[in-house]
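For reference, the structure is listed below as structure tokens.
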Amino acid sequence: MIPVEIIKHKRDNKVLTKEHLNYFIHGYLSGDVTDYQMSAFLMAVYFNGMNEQETFDLTEIMLNSGKIVDLNYIDKSKVDKHSTGGVGDKVSLILAPLVASCGISVPMISGRALGHTGGTLDKLESIPGFNVNYDLNDYKRILEKNGVVMIGQTADFAPADKKIYSLRDVTGTVDNLSLITASIMSKKLAEGADAIVFDVKMGSGANLQEKDESIKLAKYLISVSKKFGKKAIAVLTDMDEPLGNKIGNWLEVEECLEVMNGKKVSDLEKVNNVLSGAMLYLGKKAGNIDEGEKIAEEKLKDGSAYKKFLEIIEEQKGDTGYIKDWKNLKRTEYSKKISAEKDGYISEMNAFKFGLASIELGCGRKKTDDKIDYLAGIVLDKKCGDKIRKGETVCELWAEDESKTINAENLINEGIIISEKEPEKRNLIIDIID
Ligand code: URA
């Protein structure tokens with residue numbers, strides 16, 4: 001086969017066969033297909049889409065590009081969660097230790113920042129020493145010993161996603177239903193879980209900004225899971241404004257530590273507890289999601305999630321001293337406060353614009369090999385619905401120097417809307433599909 005002919009096939013909106021996809025994905029891994037050819041291919045998929053069969057074939061090929069773990073030797077339910085991507089979405093860092101502390105095994109393969117959204121791996125790597133690259137044997141060993149393991153795509157697990165993911169991040173090809181499905185499912189099916197909870201984000205900060213597309217994504221994720229014999233639930237959650245009060249890699253770890261030590265951050269806690277509840281239900285530790293949510297609330301309160309989080313850090317070679325010192329706020333050199341231009345209520349904090357601003361500050365990548373500034377980010381003093389007076393701080397930007405905050409400030413100013421009338425409260429948990 002000839003790579004350019006496959007690109008042209010999709011460019012001309014024709015259906016790709018499994019053989020086409022197999023050749024192209026394996027060619028990319030072997031070097032026979034280049035980055036520029038893969039970029040063109042991804043853009044053709046972005047414009048012309050893939051049908052269900054193509055999506056399923058792509059998922060299977062990407063899954064089989066690496067190993068598929070058999071976790072039957074672990075005598076516990078194995079349940080994981082994956083988010084379709086959001087801004088300030090740090091839930092995995094609380095949920096994984098929390099659910100593991102309830103006796104469920106949590107095998108978690110995550111991704112890095114993608115488009116305007118953050119990534120669990122970058123957040124974990126903001127903890128000095130934390131290792132997200134383990135081979136199959138170490139993955140199994142850590143999971144069995146600790147009840148939870150948090151890693152990324154590797155040469156062993158979903159290597160095709162590892163390579164394609166970082167290219168999508170910088171080529172405008174994130175927001176496609178089929179590419180998202182194949183990316184998520186190739187990781188989730190490789191890791192060995194029996195059941196998966198999907199957090200499907202909806203709103204300005206979601207990877208798919210059309211509501212109908214997000215619902216379709218939820219259905220695709222569930223249907224592919226079922227085809228592979230996995231139990232699955234999708235929780236549709238609001239991502240119109242950032243989740244929680246902190247955006248940025250270390251800042252988000254810090255916020256999770258605050259929540260695991262008793263601070264109230266209501267939207268973050270609610271999403272965490274419902275998703276954890278769904279995992280506990282699928283893992284047979286709760287009779288239904290509501291009951292699971294109550295157990296999650298308890299485990300957050302009694303310190304079990306924090307204790308397990310410290311065990312994860314220790315096991316995966318992170319600096320526990322750095323973590324325990326979280327109250328001693330670690331910040332970049334430069335900061336800039338953004339204040340309200342008038343009195344009123346915050347009626348919009350556009351999550352997409354906040355996500356783009358966080359990339360400008362240094363939290364994400366503009367090119368595949370960009371270095372991340374782990375301490376950069378945004379701290380929100382206000383959230384949607386809050387009353388505000390002219391001159392009061394809405395949020396504070398943190399970056400290496402002033403130059404990094406100029407574009408970010410413009411984006412944030414575009415993203416904040418202050419209205420005279422108090423806005424209606426939006427539902428954080430929009431729907432649950434199984
Ligand atoms: N999460 C993933 O792992 N992949 C995507 O494409 C989007 C969210």
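It should be emphasised that the depicted structure is a prediction, and the values quoted were computed from it without experimental measurement. Counting convention: from 1, in listed order, for ligands and their atoms alike.
A salt bridge links Lys246 with Glu254: the closest approach of a Lys/Arg side-chain nitrogen to an acidic carboxylate oxygen falls below 4.0 angstrom. With salt bridges taken as basic N to acidic carboxylate O contacts below 4.0 Å, none links Glu360 and Lys404.
Residues Phe198 and His82 keep their aromatic ring centres 6.0 Å or farther apart. Residues Trp250 and Tyr322 bring their aromatic ring centres within 6.0 Å.
For Arg168, a nitrogen or oxygen atom sits less than 3.5 Å from a nitrogen or oxygen atom of ligand 1, counting backbone and side chain alike.
Annotation: cation-pi geometry satisfied between Lys163 and Tyr28 (NZ/CZ under 6.0 angstrom from ring centroid, within 45° of ring axis).
The ligand atoms of ligand 1 that sit less than 4.0 angstrom from a heavy atom of Ser83 are 1 (N), 8 (C). Atoms of ligand 1 found under 4.0 Å from any heavy atom of Tyr165, numbered from 1 in the order shown, are 2 (C), 3 (O), 4 (N).
At the top of the distance list for atom 1 (N) of ligand 1, counting protein heavy atoms only, stands His82 NE2, 3.3 Å. Looking from atom 3 (O) of ligand 1 to the surrounding protein, the closest heavy atom is Lys187 NZ, 2.6 Å. Nearest protein heavy-atom contact of atom 7 (C) of ligand 1 is Leu114 CD2, 3.5 Å. Ser183 OG, 2.7 Å is the protein heavy atom nearest to atom 4 (N) of ligand 1.
Donor-acceptor pairing under 3.5 Å is lacking for the side chains of Ser304 and Ser101.
Contacts between Thr84 and ligand 1 below 4.0 angstrom, taking non-hydrogen atoms only, involve the backbone exclusively.
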